[in-house]
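Note on naming: letters A, B, ... go to the chains in the order of the sequence lines (proteins, then strands), and numbering restarts at 1 for each one.
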2 protein chains.
Amino acid sequence: MVKPTEAELEILQVLWENGPSTVRFVNERLSMKKRVGYTTTLKIMQIMTDKNLVRRNEDGRSHIYRAVMEREETQGLLLDRFLHSTFGGSAMKLVVQALGNHKPSKDELEQIKELIKQIEGGSENGIHS
Amino acid sequence: MVKPTEAELEILQVLWENGPSTVRFVNERLSMKKRVGYTTTLKIMQIMTDKNLVRRNEDGRSHIYRAVMEREETQGLLLDRFLHSTFGGSAMKLVVQALGNHKPSKDELEQIKELIKQIEGGSENGIHS
DNA sequence: AAATATATACGAAAGGATTCGTAATTACAA
DNA sequence: TTGTAATTACGAATCCTTTCGTATATATTT
């Protein structure tokens, strides 16, 4: 898979959030966060088409773009890269940093505990498998 | 702080691992992982000096470079950026992904549990603060 | 049909990262 | 001192990302 650039990631976020969209819609969403010209967004989405990061339906006059990969799949891939480049591959160190820097709420802590239980009980095919 | 590029990060990893080093040493370390010319490494380390990512002692003939920022500090900064660009700022989602993708060992699980206890016990004053 | 609005296509400019060749400098050995 | 090896300095080439101007195509309105 090709690594999406910053700008490409922003566009993917919009597509993941809202489903298949036109260039105009994506550009409007991006414009809420930063100034960006229409043709700039268009160009990047065309490049993303070449890279096979998105596909488009060219039926109507305005094409409809959709993300090729699922959000979680892409995030997983990028996480791997980041893990390797910045934390030398140690997932633990990353998790510790993340938990340390962004104190999770009570709810979130429960969520993590739950996840840990799942992992620990993983070999016994837990109650909620 | 300036965001280190990929190549710069690789060099920082070497400096963090081994402490202050010469260009030659860094280049030899990098060469273990990928083909890279001596002057390429030199050039990047010079650029890093301009960006104030590293400082160098120019006493001897061969300069000794050292990282300006601590490893953890830099990692924290990069983590924030990554969190924002890829996970929309949700530390939880990142942690869940990381734990899901890289099943931690028993020891590591204990480590996380310990960390959670610390966080939970950390704010004795005001359960609902 | 003509004018207007909106879409895509294309290309090029600007900026940054990476790579490396070559020159200049310094140290050391013969 | 002269030559050799190793180091830093400099600049240019290449590649990628981002941005946008302009051309072209298509639809819509009057």
Distances under 3.5 Å between nitrogen or oxygen atoms of protein and nucleotides 7-10 of chain C:
| unit_1 | atom_1 | unit_2 | atom_2 | d |
| --- | --- | --- | --- | --- |
| C:dA7 | OP1 | A:Arg24 | NE | 3.0 |
| C:dA7 | OP2 | A:Arg24 | NE | 2.7 |
| C:dA7 | OP2 | A:Arg24 | NH2 | 2.6 |
| C:dA7 | O4' | A:Arg61 | NH1 | 3.4 |
| C:dT8 | OP1 | A:His63 | N | 3.1 |
| C:dT8 | OP2 | A:Tyr38 | OH | 2.4 |
| C:dA9 | OP2 | A:Gln46 | NE2 | 3.0 |
| C:dA9 | OP2 | A:Arg56 | NH1 | 3.1 |

Quiz item: Nearest heavy-atom pair of A:Leu12 and A:Val54: which atoms, and what distance?
Solution: CD2-CG1, 4.2 Å

Quiz item: Is it the case that B:Arg55 places NZ or CZ above or below the six-membered ring of B:Tyr65, under 6.0 angstrom from the centre and within 45 degrees of the axis?
Solution: no

Quiz item: So which one's nearest nucleotide on DNA chain D is more toward 5', A:Lys3 or A:Gly60?
Solution: A:Lys3

Quiz item: What do you reckon, is NZ of A:Lys51 surrounded by more than 12 foreign heavy atoms closer than 6.0 Å?
Solution: yes

Quiz item: Atom CD of B:Glu8 and atom C1' of C:dG16: how far apart are they, to the nearest Å?
Solution: 11 Å

Quiz prompt | Salt bridge A:Lys113-A:Glu108, side-chain N to carboxylate O under 4.0 Å | solution = no

Practice problem: Taking the side chain as every heavy atom from C-beta outward, state whether A:Pro4 and A:Leu78 have any pair of such atoms under 4.5 Å apart. | Solution: yes

Quiz item: Rounded to the nearest 0.5 Å, how far does CG of A:Leu109 lie from CD of A:Glu114?
Solution: 13.0 Å

Practice problem: Under 4.0 Å from any heavy atom of chain A: name the first and the last nucleotide of DNA chain D that qualifies, 5' to 3'. | Solution: D:dT17 to D:dA27

Quiz item: Do any N or O atoms from the side chain of A:Gln75 and from the backbone of B:Thr86 form a donor-acceptor pair under 3.5 angstrom?
Solution: yes

Quiz item: Just checking A:Thr5: base, sugar-phosphate only, or nothing, at a heavy-atom cut-off of under 4.0 Å?
Solution: sugar-phosphate

Practice problem: Could you tell me whether B:Glu70 atom CD has more than 12 heavy atoms of other residues or ligands within 6.0 Å of it? | Solution: no

Quiz prompt | Spacing between B:Ile44 atom CD1 and C:dA17 atom P, to the nearest angstrom | solution = 10 Å

